[in-house]
Every structure is written in structure tokens, then in C-alpha cells.
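Structure record follows, encoded as C-alpha cells.
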Protein chains: 6
Amino acid sequence: MSYERTQGRAAHALRPVRITRGFTRHAEGSVLIEFGQTRVLCTASVEEKVPPHKKGSGEGWVTAEYGMLPRATHTRSAREAAKGKQTGRTQEIQRLIGRSLRAVFDLAALGERTLTLDCDVLQADGGTRTAAITGAFVAAQDAVQRLLDQGLLQASPIRDHVAAISVGIVEGTPLLDLEYVEDSACDTDMNVVMTGAGGFVEIQGTAEGAPFTRDEMDQLLALATAGIHELVGLQKAALAQPLPLAE
Amino acid sequence: MSYERTQGRAAHALRPVRITRGFTRHAEGSVLIEFGQTRVLCTASVEEKVPPHKKGSGEGWVTAEYGMLPRATHTRSAREAAKGKQTGRTQEIQRLIGRSLRAVFDLAALGERTLTLDCDVLQADGGTRTAAITGAFVAAQDAVQRLLDQGLLQASPIRDHVAAISVGIVEGTPLLDLEYVEDSACDTDMNVVMTGAGGFVEIQGTAEGAPFTRDEMDQLLALATAGIHELVGLQKAALAQPLPLAE
Amino acid sequence: MSYERTQGRAAHALRPVRITRGFTRHAEGSVLIEFGQTRVLCTASVEEKVPPHKKGSGEGWVTAEYGMLPRATHTRSAREAAKGKQTGRTQEIQRLIGRSLRAVFDLAALGERTLTLDCDVLQADGGTRTAAITGAFVAAQDAVQRLLDQGLLQASPIRDHVAAISVGIVEGTPLLDLEYVEDSACDTDMNVVMTGAGGFVEIQGTAEGAPFTRDEMDQLLALATAGIHELVGLQKAALAQPLPLAE
Amino acid sequence: MSYERTQGRAAHALRPVRITRGFTRHAEGSVLIEFGQTRVLCTASVEEKVPPHKKGSGEGWVTAEYGMLPRATHTRSAREAAKGKQTGRTQEIQRLIGRSLRAVFDLAALGERTLTLDCDVLQADGGTRTAAITGAFVAAQDAVQRLLDQGLLQASPIRDHVAAISVGIVEGTPLLDLEYVEDSACDTDMNVVMTGAGGFVEIQGTAEGAPFTRDEMDQLLALATAGIHELVGLQKAALAQPLPLAE
Amino acid sequence: MSYERTQGRAAHALRPVRITRGFTRHAEGSVLIEFGQTRVLCTASVEEKVPPHKKGSGEGWVTAEYGMLPRATHTRSAREAAKGKQTGRTQEIQRLIGRSLRAVFDLAALGERTLTLDCDVLQADGGTRTAAITGAFVAAQDAVQRLLDQGLLQASPIRDHVAAISVGIVEGTPLLDLEYVEDSACDTDMNVVMTGAGGFVEIQGTAEGAPFTRDEMDQLLALATAGIHELVGLQKAALAQPLPLAE
Amino acid sequence: MSYERTQGRAAHALRPVRITRGFTRHAEGSVLIEFGQTRVLCTASVEEKVPPHKKGSGEGWVTAEYGMLPRATHTRSAREAAKGKQTGRTQEIQRLIGRSLRAVFDLAALGERTLTLDCDVLQADGGTRTAAITGAFVAAQDAVQRLLDQGLLQASPIRDHVAAISVGIVEGTPLLDLEYVEDSACDTDMNVVMTGAGGFVEIQGTAEGAPFTRDEMDQLLALATAGIHELVGLQKAALAQPLPLAE
């Protein structure tokens, strides 16, 4: 007997994914990405400077910051700016986003500039970090395109797509793209980041309850691989549209 | 000779104002308010506890927090959570929002619970604090209505509407509802908070360049009074609609 | 029936104001200002450097910091240095003092140097921020005079006097220069900053209880205007004396 | 052609592992664990209290903190206590250690008490987090044994062994237990945490350079599985010895 | 050949010492103490609560905080509240003041209340910590007297006087009560805290340049002993006067 | 009747002292020093830069940091890095270690580089700061020797030995080198830092209970002088051995 998902979603199905480019007007790239009820605003900012460890290297830098609005969640969580520090969870996620994006960037080709991906969760329903990576890639593309259009870059430093999805085992059933109630109930939770070419960039699997077996892991990776393939298609479709003009 | 506004806006005209209730689904009240290109997400959260200075008083508390996404602005500003502290400007604004809302609340009638208004700027183009106050009032109404619907309150603790607008003098011309380019250029900048009945709750006027005269202040107050009257009408119209169901 | 003030003070009367120049010896300007029992030590420090946003601009900077000794108040308040952060109230006040002083300074004429006004409350009985602004102006004058005497400046960058006073409505009576018990009881509290020429620099009015009317505001502004006129006279009288020699 | 390791170590070989119990005398469990030149002091402290989210639950808590002495590394790194904050890396590691240990603990059987694992790196040469997990398990066993000896527990809340190892691909060769020079040079880096029964608790794989393939991952997991099996044997051997008396 | 002091002061002479009781009006004890140009405001605050480590012990607590106004010194020093932390020097001094006062207090006789001595330097010219201890004792006496007058205490918990002085060797000459220029130039600097009965409470001697000999230390201790004897006499004389009424 | 020490130690006897050079391999100097059960790891790090106040001076700097592992003590103490600040005690101790080492350094002869002594307590049983000073000196010697060996220095900037010991009066008996139980019980506690030539660098004596007399202080200083003479001998013996090769 397998686990019954909300709205009869199939175990291997993504939630409805929407990618809205040009969501805000000031950033070089600005994307609202929705995985069902999870909504993350991803902006890409270009700055003509690099952090100290890249100064004079001829290379650029790609980094990310992550935040969650206090009432993105079921009960209000304390504002990190008011507490005066980011939680360990926040830091872990933003480090993951940064590494994932850098995996498809040629930093030398970017030149000595910094691309910052700000991923702010407006509404959370599970999978915020994987939505953030998937949306940040689209925002990064738009920002790079602007640099190309302005003649500041001759060729794109982006070598491939990158996208991410969560998978997990709930009541014995492997599921793709966990929503919040599934995430809370799952025995095993895994976040997978892959390139468009199908290479793994990050795998983070955690046994929340019982340890997981090699066989379970294989099932989860198969689900994730198919899901990411689908997400890359959605990224491409979104990028194939003309960028909406700011109103 | 008077100042020419963008899109030919009249000196006494508000920018297009849009109030979207139910913008996110977890908060007891959730409103996206737009004053032209300025967009602020205002959520109202109810918690069944009060801060120490209200414990055992039989009274509730209404408070606010304010934030700006790093790329809400033309150039990226540092994330306060990452810096580990809120700026003086942020603290000043969130104190103002809290006082403004408390001015129309009967804290005894609220009972020993806390209403927190989180006002987060998604996109900034001047007037974020006045949009925040105006939108937070609508979110507060929705949160109170839910308490009434649940039978947790018998009567509303809200005694009147409250709304806010900025006014200023740019190149000698008094203007209502300054957008960013006007705000940067103005000699005098004033934020006015008023109740639906027309009483003043807060007036904060600052000479950015030359000091302002009593006569100029009178003109600004007249502009603000009319503008707030219009905003209160828009709040009422928005609240007269049924609350959109969460998808 | 009107409100009875302590010691039979008239509604439009200032408390006894004392301005003691040269109160401490190291600062370029050092003034103890007393509004009745409120005592604030204002020092002006000249440093031959400017903050980053003024570097290379040819302009100087004028800024302020505000503090309150832990036992300046009726009950001991926590030391901000020990808590590791300044309160929102402190930041709001020091930003106000800085803006007020800059309103009468020609920053280009000051040259690339910084004038810092430290306003530390030794004893509080209401009106500490307005006393701070009024005293800081005198300290700034003494610091500028020293730069002129040393030949570091050819002409004063100070264009006018600036002073401040609080006004409020207590039990229906508009009052000038609120002391602590009046401040706690007032319905409306307003701080007004004006130049010697009578221009408004800042107006900050807050309804603590019921909102205030346009008519009440007019009465308060009239009281404040007269009070500040008197304070500017006292500043001039104090500055007309020779600076006492350090013992 | 495969990668040549220092001292001719085989690709599938662990560095010499030493586990010294009773390394310091105050902690309920105190273990120095060495993976070659990497040395981590792991202490287990029992406190008869639980964090707020466990109060009244009847369950205990197991948590971890991680630190690195400033000169554990080739060049001195800043002391986190002096900087006033822990890095994201530190928080990520201590969260991993805590989750790994909790995976083999029955928190209800522990009772309402907290076991804190402090893992402090005295000398770093790669693999500090995996050494920390492996050593912390032994320290936890000693602390639990003391609770059993004192009659505070009737049965052990520890359900299985847990140990961890790093694996990676360097110049195309999959290697077990990376030392610092290998860690710096590797294309893919993976940390694996497993139980004594062979279940996966955590898998964290990161492509440092090129993305990795499914086939590479399978090779890495096989290496890790064998390595952890060996480590569990070493934990058992160490625990089979009598606890050395404090001098 | 001996060192020539400013104003021809003898090597064994204190600077003029002034002790002004009732300097501010809110604190239970408020003393301005001056050692020449060094001026420290010492307030004693009584609070009917104790820190956690004294709760339920039947004993009270005596503690101190120390601060320096930014422009108490020749060049402006950064405000600790603005920097968000107290320097090591500040913490060292306030710990010394607290220990010194506790040395003459019977904490059981004080009852479960806290006496906080706030020592804030208005003007610094060397010896601020010793002036602070000497003045804080007088403020503590006034606060205790008030508790006796109010019937909250039946007998004084203060067992003896305590006072402090600095001594040092400048250009080979042992000197009492170093002022700033001497302090900067001295080879050895020693702060001595003694009771009225002549017992040592604290001795902190530091070789700033060359190490000091046993013979030099004996000379310094003799100077300090005589100086403190004189200070205790001045404390007694100040306390013998009626407490000035607050204006 | 005199106080009976653990293991029949004589009042004037040091605990067994062990000095292990080369304890860790990355630091330029690395010493584990043990005073009985007190164990402190002292590393000396050389960096080719100086703090701002020494830039361009031609002089170097010697500084120290001190820390205690959370479970170095009988009950676990909070990790300073997790709390986000160092305690006053920690700062006081690291300032003392830094001053003590600088007392025997010729900073001009060191050249514009910084020597940082990190003293981390692995196990505490009283006297951690005096062990730290004594061990840090040996680590500093090894670091300087390496600079000499590398030809970066022509002559040693170290002018003399420096070592430290605690003394105290327990139940009327003056004792050398207090262990924890003695430290907790003592009436007077004194830390003495001396050079090899017998000059005093620091004396810090504190009456924990009753004030101490001049005669008691003389006895304590005699004990300390002899103890430090012995420690300097042990430093010399340790340094006379060849530095053990890193395994």
C-alpha cells in the first residue's frame, strides 16, 4: 500500500512549477519560482568588484544569500535581522546554493565581477532550497544576458544548466518533490542538484528516522534524475520567452 | 513654474494604488500593497502571548517589523541578517509602523495576545513606510476578522482606519506621494499618518535642504489630508470584497 | 480648567536653562546644558578624516552620537555597551541630532573633516533630545571657533543657529518644554527643531493617546516657535561670554 | 594511471586510526581520535536538563558542538570566540555530528537529560568531521556506561554503532579517507555516515570541479561502506578495553 | 635627580581630591569624585533582585559597571555602545571595582538585593579606576544609609572603608597618584586597593618597561599605603557632611 | 597547624611540570605544558604583518589569545564561540599573557611581524594562566629559533626568560602553585610573573576573603620567587633538548 499524496499527485510527479521572469525591476535578473505553494523570489545582482580572495585573480565570484520572510511559514518565525544572526540552517542553505551555481560557471570567463543570488522565500511549503537553486539559475541567465547585451561580456560564462529537487521516502514510498507535510513525515530526505548534462553537483541525503539502504538510495536517485530533467526543460521553456518589459 | 512629474502625474495625485488581500496563505492577514512601483508585503500574525511589559495586564500588544529585500533597490544593499544588525533607519521605520497601528487599537479589547505586522519591501520606489502602514492596516483587519470568526473576540478592537502618505516640496512645488526620484530631489520631506476620522497620528517633517516655512507646511498638510482620505477609501473598497480563497 | 505645572510654571514658559561652556577640557567644544533637571553633556570633536561616502568629495561631515548614563533615570536602565547594542530609541535620537546640526552647516565650507557631537545625558527629566540639539549647537560653535583661531578655516561653515524644544498637550492644555511627568501624561508630544531665522528643520509629532487636530497642532507650533526664539537668545548670550579657561 | 598517495597508501586504505579513551578526566566521556595527522578531542558531557523543545516530553537530547583551535591548520585561522561568531562551515559540521549521533540514540530511553558532544580539532589534516563523528560515538558510549554504572539508566539508549568517513575522486582515482592535500585536489568529495548494521545515516557529496557520474558515486559508496565497516571494528576494539584510570 | 611633577607636586602627594555627594538626583547614591582633572561620576543603584547565582541564597550582590564618555580623553575614542562591545580594558576595570567593593560588604547582611555601582568617566587624566573605587565606596554608603533610613536594613552591611590609588616609577622616582602624562611615561604602574583598617584587597603591578625589583615594590607599597590612608580620611570627611538636598 | 595538600605535596612545592615541545605540527612553536592535571596547549604563530598601531613603525608585535575547551572543567562551560563573546575573565587572562611575553621581547629586533600565542586549556585544575605564560614562552622560543634558522632574523629578539606561578593563603598557610581545590578555598590568591633575571613583570594579588597583610604578601612573594626560579630551570632543560621531529 502506497502513500496517498495531496490532490492525487503521483509519486514521481513534480508539483506545478511556474517560473516568472522580470518579477521585480531593479535587479539584473529577477525570477519568482513556484513549486506548488512554495514561492521563492530569486534576484541576481551584478557588482563590479570581487571578494578579497579573488582580487587580482582575473576571476569573478558567484555567491548566494537565502532568507525566509517571518511569516512565510505556518507559524511566525523570528526575523533573523532582528535576532542579529542567521541560523545554521540558513547558512547551510545559502552555501549550498552558491556552490551549486558555481558548478556551472566559468569564473575566469565571468571576469572580475560578482554575481550575487538573493533567494528570499515568500511562502514555504517544502523544497525551498531546491526551488531556490532552480530559480536562481534562471535569474543568473538573465543577468548574464544583460552583460552580453551591454558588451561587457563577449561569451557566456555559463557552461550548463543546473537545477535541484528533493526526494524522500514517506511510509515506505519513494516520492519526488516533497511538500511540507511529506517533508515532516519522511524517513529519508534527499536533496539532489544536477546539471543539464545529467552530472551530479550535490547529493545530500539524511535519514530522519531509520537509516536508509543502498536500494532505497538508488530508487531516490532515479526519481530525482527524472525530475531534474523535467525542471531543466521548464527552465529552457521559460528562457525561450522574451523577457517581459517592466511595466 | 512647477515640477514635471513622471507620466504627467498631477501634484496632488496618488500613484496607482493596488491592495491585494490573501497574497500569501499562512498568515492571519496577508496584503500586497503597491503604490506605483513600490511593493510591500504586509502580513499580520496573531500569537497568544504578550511581551513582558504586558504580562498579566489584560491588554494585548501590536507591534511591527520592517525589512527590505537586498535587491528591492537600484543597487544591492547588504542583507541585515547577514550583517547581524538592523540599521537605524529600519528601526525608526518599524517603530513608526507599530505606533501608527496602536493608535487605532483598543489593546484591552484585543485581549492578552500579540499582533505582529511584518512589512517587507519587495520593490522600492519611494514611500515604503507609508505604503507599509496603509497595507498593514488592511492585514490587521483581516487578522482581527479571523479572530471574530473563530469566536476568540466578541467585538473588534480596531476603532478607526489608519493610513499614511508622504508629501514633499520639489523645486518649489508641493507634491503628494513622492516616488524615488522626487524623494531624492526634495527640499522638504514629510510623512503624515492619519485616522479615518481625520485626526493626526504622526507628523514627521524634515528639511533636507533649506528649512521650510509655516506656509509650506500648511500646504503639505492639506495635500496629505486629501491623499489619506483617498487611501482610506481604497482600504474600505478592498475590505468590502470577499477575501480571496487560497488556491 | 488648565493643567497645573510643577513650581507654578506657566504653560508657555521654558524651565530654567543653563548653558555651561568649557565643562570638560579635552574636547574642541564642551557644553553642559540644563533644561531644569535635565542635564546633557555635549562635546564636539574635530577629526581630520571623513566617512567613506564623503571621501574625496571636498566636503566634511557632521554627525552625532547619543547616550544616557544608566542611572540618569528614575530606575536604572541597562548599559547599552554591556548589552552590546543601542536601542532603536537611541539610534532615532542620534540621527535626529545629526540631521538637525547638518541643517545649518555648509559641509563644503567645513572641508574634509568630521565634527562629531557626543550628547550624553547625565540626568534625565524629559526633553533630553531637544536639550542635546540646543547644547550641541553651542559646542559646535566653540569647535568651529577653534578651527578659525588655528587658521584651519578662513570662514565659519555655520550658516545659522539651530535649537529645539518639545511641546505637548497634557489634559487638554498645550505646554512648552515638557518635563518627565508631563511627558508621561501627555496625549500629544511634539519635538520641533528650528533655525535662528525661524525656518523649520524638523517636526516630529506623535499622538500618544487620542489623535490630535489641526487646530491643536497650530497651537503647539506657536508655542514651540516662541520657545525656540528664546533658546536662540540664550545660545547667543552664552556664546557672547569669553570661553572659560580650563582650570 | 592512478594517483600516488603519501607513504604509498592504497586507494582503499584508511590512515592509521588511534582511539584514546579517557584522554581528559572531567568529562563523562573523553576520547582523542586520530586519523593519521588529524586529531580531534571528543568529550561527552551529561547534563540533567533538556532544551526547551524537549521539556516535559520525557525524551532527552543529543547535540554537538565543533571547534578548531586557531593553529590546528597550516596557517592560523581567526578564533571564532574572538570574532564573536561561528562560521557557516562550523555550524554545518556541528549540525551534521548532532544528527549522526541522534540517528543511533533512542531519546526516550535516554530520559530527560542532554548529552553534548564537544569535538575540538587539535590538529587538522583532512577528515575532521568524519573523525569527530567516529570519536564522538566512543565518547558517548563511555558517558552512557557511566549512567548505567550509576544506576541512572537501566538500559542503554544506544541502538547501534555510528561512524563516518570521507571519500573522493582525485585525478580520476576514487580514494578512501582523504588527507588534506587530497581534499584540496579532489574533484568530488563525499562524506558518508553509516550505522554498524550498514544503514546510511547521511550522504553528502559535492562536485568540487566537474560533476560526478552515477558510476563514480557507486564506486565511492563501495569504498566508504568498507571503510566504515573497518572503523566500527576499531570502535569495538577500543571499547572492549577497560577504561584507563585517570592518572 | 628626581622627576619634576606638574605644578610642583611632591612625589608622595595626592592631586587635589574633591568628593561631591548628591551630584545627580535619581540614584540612591550619587558621587562626583575628582582626582585633579580626573572626574568620575559614581552612582549606586539598589534593586530588589539578585543575579541567578544568588537566588534563594539569602545573600545580596554588589557589582560594578565602568564606562568612559567618548570625549573624556585627549582624542575621541569610539563609543562602546556603538561598537557593540566593551573592550577588554573596560571589563577588567569593572571586575576590579566590583571585587573591591565586595571585599568590604557582608552580602548576607545586605539581604537579597543588588547594589550596582556605575562609574562613568566624564574626564580622564590618569587614575580613573582608583578614583572610581574611592568614589563608589561613598556612593555605596549613601545608598546603604537610605536603606537604613527606610527601615529596609537594620544594620549596615558595610564592614570597613575601601579606597584605591595608583603608584608608579617614572624616571626612577616612585610617585603617588599618577596623572596621565606620568602614567604614559612610567616604567612600573601599580594599582593598590586597601581597606580602612589597612588590609590589602588588590595589588596589580605591571612593568611597562623594565621589570621592577623587590625594593622598588616596597617603596611603591609604602607610598600607596600612606595615600590610601589619606583618601579614607577624605571619604570620612565627605560622609560626615549632611547629604545635600536635591535642588 | 598547616593545610594538608593532596598527595602530601609540600607548601613550597610545584606540581609535577611537564613541557612537551612539538605537540602539534603546523605551528611555528607548539608546546603542551602540564602543571599536574592542568594542561594547556600553547602555540606560537608567526605572521608577516602587524596590527594597525605598529604599521610602518619598524617594530613587531607579540599578542596572545586564551581559550578553554568547554569540558576542560568539572562541569561543562558554554563555548565562547557559540555565545558570540569572550568573557571578561578570558580577556583579562589573554591581556596578561600578551603583556608578560612582550616584557621580554625587543619588538624592534623582531621586525614588522606578529607573534601570536594561542593558549588553549585542554584540562583545568587551577593555575591555567600561569601555565599558559610559562608554556607560551617556550613556544615563542621555538618560533623565534625557526626564524633564525630561516635567516629571517639575525639575532633573537628575546632578552630573557619569563615564567609565572600562582601563590595563595589557604587556611592560614601560604602555598605555591595552587590546584583547583586550593584555589577555591583560598583567602588570598596571587599570580606572579617574573623574568629569568628575577625582575617582576606582573603581580596580581586579590583578597578573596579577608584582606591580606604586608607580612603575608612578603611570604607569598618569597614562595613565588623560588617557584619561578625552578620553572625557568625547567624551561631551559626543555629547550636544551632537540626539537622532536614531527612524526
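None of these values were measured; they are calculated from a predicted model. The figures that follow rest on heavy atoms only: side chains count, while hydrogens, waters and symmetry mates do not. In what follows, every chain begins at residue 1, and chains take the letters A, B, ... in the order their sequences are listed.
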| note | So, the part of D:Asp218 with a heavy atom under 4.5 Å from chain A: the answer is both
| Do you know which of A:Arg99, A:Gln86, A:Arg89 has the most heavy-atom pairs with chain D at a distance under 4.5 angstrom? | A:Arg89
| field | D:Gln235 side chain to D:Val162 backbone, donor-acceptor under 3.5 Å | value | yes
| message | Donor-acceptor pair, distance only, cut-off 3.5 Å: does the side chain of A:Arg76 make one with the backbone of A:Pro70? | response | no
| task | Could you tell me whether a side-chain N or O of A:Gln94 sits under 3.5 Å from a main-chain N or O of A:Tyr66, the two making a donor and an acceptor? | result | yes
| Contact part of A:Arg159 toward chain D, heavy-atom cut-off under 4.5 Å: side chain, backbone, both or neither? | neither
| task | Return the option, out of D:Lys85, D:Glu202, D:Glu208, with the maximum number of heavy-atom pairs under 4.5 Å with chain A. | result | D:Glu202
| field | NZ/D:Lys49: more than 12 non-hydrogen atoms of other groups inside 6.0 Å | value | no
| Do the side chain of A:Thr134 and the main chain of A:Ala164 share a donor and acceptor less than 3.5 angstrom apart? | yes
| message | Using side-chain heavy atoms (C-beta onward) and a distance below 4.5 Å, is D:Val144 in contact with D:Pro157? | response | yes
| task | Report, by ascending residue number, the residues of residues 181-199 of chain A in heavy-atom contact with chain D at a distance under 4.5 Å; give 'none' if the set is empty. | result | A:Thr195, A:Gly199
| field | Greatest number of heavy atom pairs closer than 4.5 Å to chain A - which of D:Gln204, D:Met217, D:Arg214 | value | D:Arg214
| Heavy-atom contact with chain A under 4.5 Å, split by part of D:Leu221 | side chain
| query | Checking heavy atoms, do the side chain of A:Thr87, its backbone, both or neither come under 4.5 Å from chain D? | reply | backbone
| Parallel, tilted or perpendicular: which fits the ring planes of A:His53 and A:Trp61, with parallel below 30° and perpendicular above 60°? | perpendicular
| task | Could you list the residues that satisfy side chain to side chain donor-acceptor pair (under 3.5 Å) with D:Arg95, not counting sequence neighbours? | result | A:Glu92
| said: Donor-acceptor check, side chain of D:Glu112 to backbone of D:Ser57, threshold 3.5 angstrom: yes or no? | reply: yes
